2 protein chains.
Amino acid sequence: MAARPTSKTSESSDKVSVICRALRRAIIEQALEPGAKLPEDSLGERFGVSRTIARHALGQLAAEGLVELRRNRIAVVATPSWQEARDAFDIRIELERLVVRQLAGKLTKAQIAELNSHVDAEDGARGGADAVSIRLATEFHILLAQMTNSPILVRYVSEVAYRCCLTLSLYSRPHSTECAINEHRAIISALAKGDERKVMELMHHHLDSVANRALVAPTPQRGRDLLDILAPYADDVASDRVVKLPKVARRG
Amino acid sequence: MAARPTSKTSESSDKVSVICRALRRAIIEQALEPGAKLPEDSLGERFGVSRTIARHALGQLAAEGLVELRRNRIAVVATPSWQEARDAFDIRIELERLVVRQLAGKLTKAQIAELNSHVDAEDGARGGADAVSIRLATEFHILLAQMTNSPILVRYVSEVAYRCCLTLSLYSRPHSTECAINEHRAIISALAKGDERKVMELMHHHLDSVANRALVAPTPQRGRDLLDILAPYADDVASDRVVKLPKVARRG
DNA sequence: CAAGGTGAAACTGCATGCAATTGGAGCGCT
DNA sequence: AGCGCTCCAATTGCATGCAGTTTCACCTTG
């Protein structure tokens, strides 16, 4: 069970994939906030490709849930509801428990070293920008998933982790990354020991506490803006077209 | 918790989405076998759209893992390895346990009726084509997922279920759908009773037995064709380009 | 007859062009 | 000012065109 052939369907060095990666990163580092507009033209211009390609990339990202695509409208960075955020974390917990269950006691020394050095990097970035810390923390989980050698699992864990990352920028308050790092270390050590139960419990607790720390409250009223609040009520109206709102402060 | 707004990012009535749905269905009903070629031109012609659209659809399906896309080559219906099939089922088990856990004891009478009538339909189709039985069985699981009102969960369960469906056509022997139907009924009844533990156990057992019945053996030799058998050996060669095979019977 | 080379057809990768839709600034009316 | 209307720039939806790559039938050669 040393090494399975790695890639197959995903992410070659297509221009499309390049743009996807760039946007994904920009989104999880919060350079692009939820709701940010992503016009095909501008994207194409910025990346030096035609609209066709930019459009295709947006399609992929929409499939991953990072981007919202509405017919005839400018694509925007996704703005998951609080409930969706919670759902994403629930799914993530199950998937990552599966990851560590498969990994417990099966890691090579080299892999453990790789994990440790990643956490060291997380540690080193503690003083820097929040965005980088978040990205590194996310990448730790993806790194774990990759060690299962299961492309499907990698894909799902990555996707759901990115989504969670996205929600952090919406609902999170300034957080201390410190304990998360310690939890990462604890997980590595339990993995090395091969204690399956323990590591699953650790991962569960880790993600659950991240979720609880991040997703502060059901936010009954302080949703992002009017549109979000009214969205459910719009179901009765013909399409998803809201009635027509008086001018109101919108974020850029 | 009556009804959350349904769609958002996914599957409007784009031409692209239409094609995706059509192909997805064709694939899971095995009208398109794994390995079948999907040239953009032909697709476009058949669905009365341009290559651009067909291409975009293929991109989406590739993101779902139903189609394999290799640069400059004709897209083909995915041919998952046995290991990937097993991985898919493992993930599916976790996801669907999550589904029924969320659903236990929370279904309305109408929903239970809907589930029952679906299983009746499965029952009715027992005499007919295998393809239809398989599709209906898969749709039962997707129906369950939809009742969670969690779009993310719906998406992942659907995707992974389709993938599993695909693997069935590769590695399955003629199977009896009968017991699967009974298991579906048992799940409904446990859901209605609200017995969370029981229903999770039932679902686990159900999927596990489907997987074990389907994924017969590591299939050391009887892979689909020469190319598959040789694929691992091709890793040493420069790219993924196999050495050059003597002419040999290929399907198609 | 098998192995290898060759050219045309098939196909993909990508850009561009055109029609249709949207959104928002500006204007007039109250 | 507030509200509604109109019209134009911005933007998307989609088809088509061209260049580069792959595939495959056919032909040549040993």
Side-chain angles (χ1 to χ4, degrees), chain A residues 9-20 35-62 67-77 225-227 234 238-252, chain B residues 9 11-20 35-62 67-77 225-227 234 237-252:
Chain A
T9 158
S10 50
E11 299 292 303
S12 58
S13 59
D14 260 333
K15 296 196 180 183
V16 176
S17 315
V18 173
I19 298 181
C20 279
K37 292 181 181 175
L38 303 169
E40 299 173 359
D41 282 329
S42 325
L43 258 45
E45 194 178 357
R46 169 118 316 306
F47 290 103
V49 298
S50 81
R51 247 176 11 92
T52 309
I53 305 306
R55 180 185 184 73
H56 203 94
L58 286 174
Q60 298 292 307
L61 292 173
V67 160
E68 276 169 34
L69 234 40
R70 273 135 68 228
R71 187 175 174 88
N72 282 323
R73 299 239 164 71
I74 302 182
V76 295
V77 176
D225 68 13
L226 240 188
L227 282 175
S239 135
D240 67 342
R241 180 74 163 286
V242 188
V243 225
K244 187 161 216 179
L245 291 169
K247 212 167 192 173
V248 92
R250 301 280 295 279
R251 66 178 162 286
Chain B
T9 158
E11 298 294 303
S12 58
S13 59
D14 261 333
K15 296 196 180 185
V16 177
S17 315
V18 173
I19 298 181
C20 280
K37 292 179 182 176
L38 303 169
E40 298 172 0
D41 284 329
S42 325
L43 258 45
E45 194 179 357
R46 167 115 336 291
F47 290 103
V49 298
S50 80
R51 252 182 1 99
T52 309
I53 305 305
R55 181 185 184 73
H56 202 95
L58 286 174
Q60 298 293 307
L61 293 173
V67 159
E68 275 168 34
L69 234 40
R70 271 135 71 227
R71 189 175 174 88
N72 281 323
R73 300 242 164 73
I74 302 182
V76 295
V77 176
D225 67 12
L226 240 187
L227 282 173
V237 195
S239 130
D240 66 344
R241 180 73 163 288
V242 190
V243 226
K244 188 160 215 180
L245 291 169
K247 213 168 191 176
V248 92
R250 300 282 295 279
R251 66 175 160 290

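Throughout, a chain's letter reflects where its sequence line sits, starting with A, and its residues are numbered from 1. These figures come from a predicted structure and were not determined experimentally.
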Footprint string (nucleotides 11-21 of chain C, 5' to 3'): B base within contact, S backbone only, - free, heavy atoms under 4.0 Å: SBBBBBB---S

Salt bridge (charged side-chain N to carboxylate O under 4.0 Å, His left out) against Arg51(A), all qualifying residues, sequence neighbours excluded: Glu40(A), Asp41(A)

Closest heavy-atom pair and its distance - Cys20(A), Ala57(A): SG-O, 3.7 Å

Smallest separation among heavy atoms of Leu69(A) and Ala75(A), with atom names: CD1-CB, 3.4 Å

Identify each atom pair where a protein N or O and an N or O of nucleotides 7-9 of chain D are less than 3.5 Å apart, giving names and distance.
none

Shortest non-hydrogen separation from Val49(B) to Lys15(B) and the atoms involved: CG1-CD, 3.7 Å

Expected output: side-chain Gln60(B) to main-chain Gly59(A) donor-acceptor under 3.5 Å: yes

For Ala54(A) against Gly44(A), the heavy-atom pair lying closest together: CB-N, 3.9 Å

Minimal non-hydrogen separation, Lys37(B) against Ile74(B), with atom names: CB-CG2, 4.0 Å

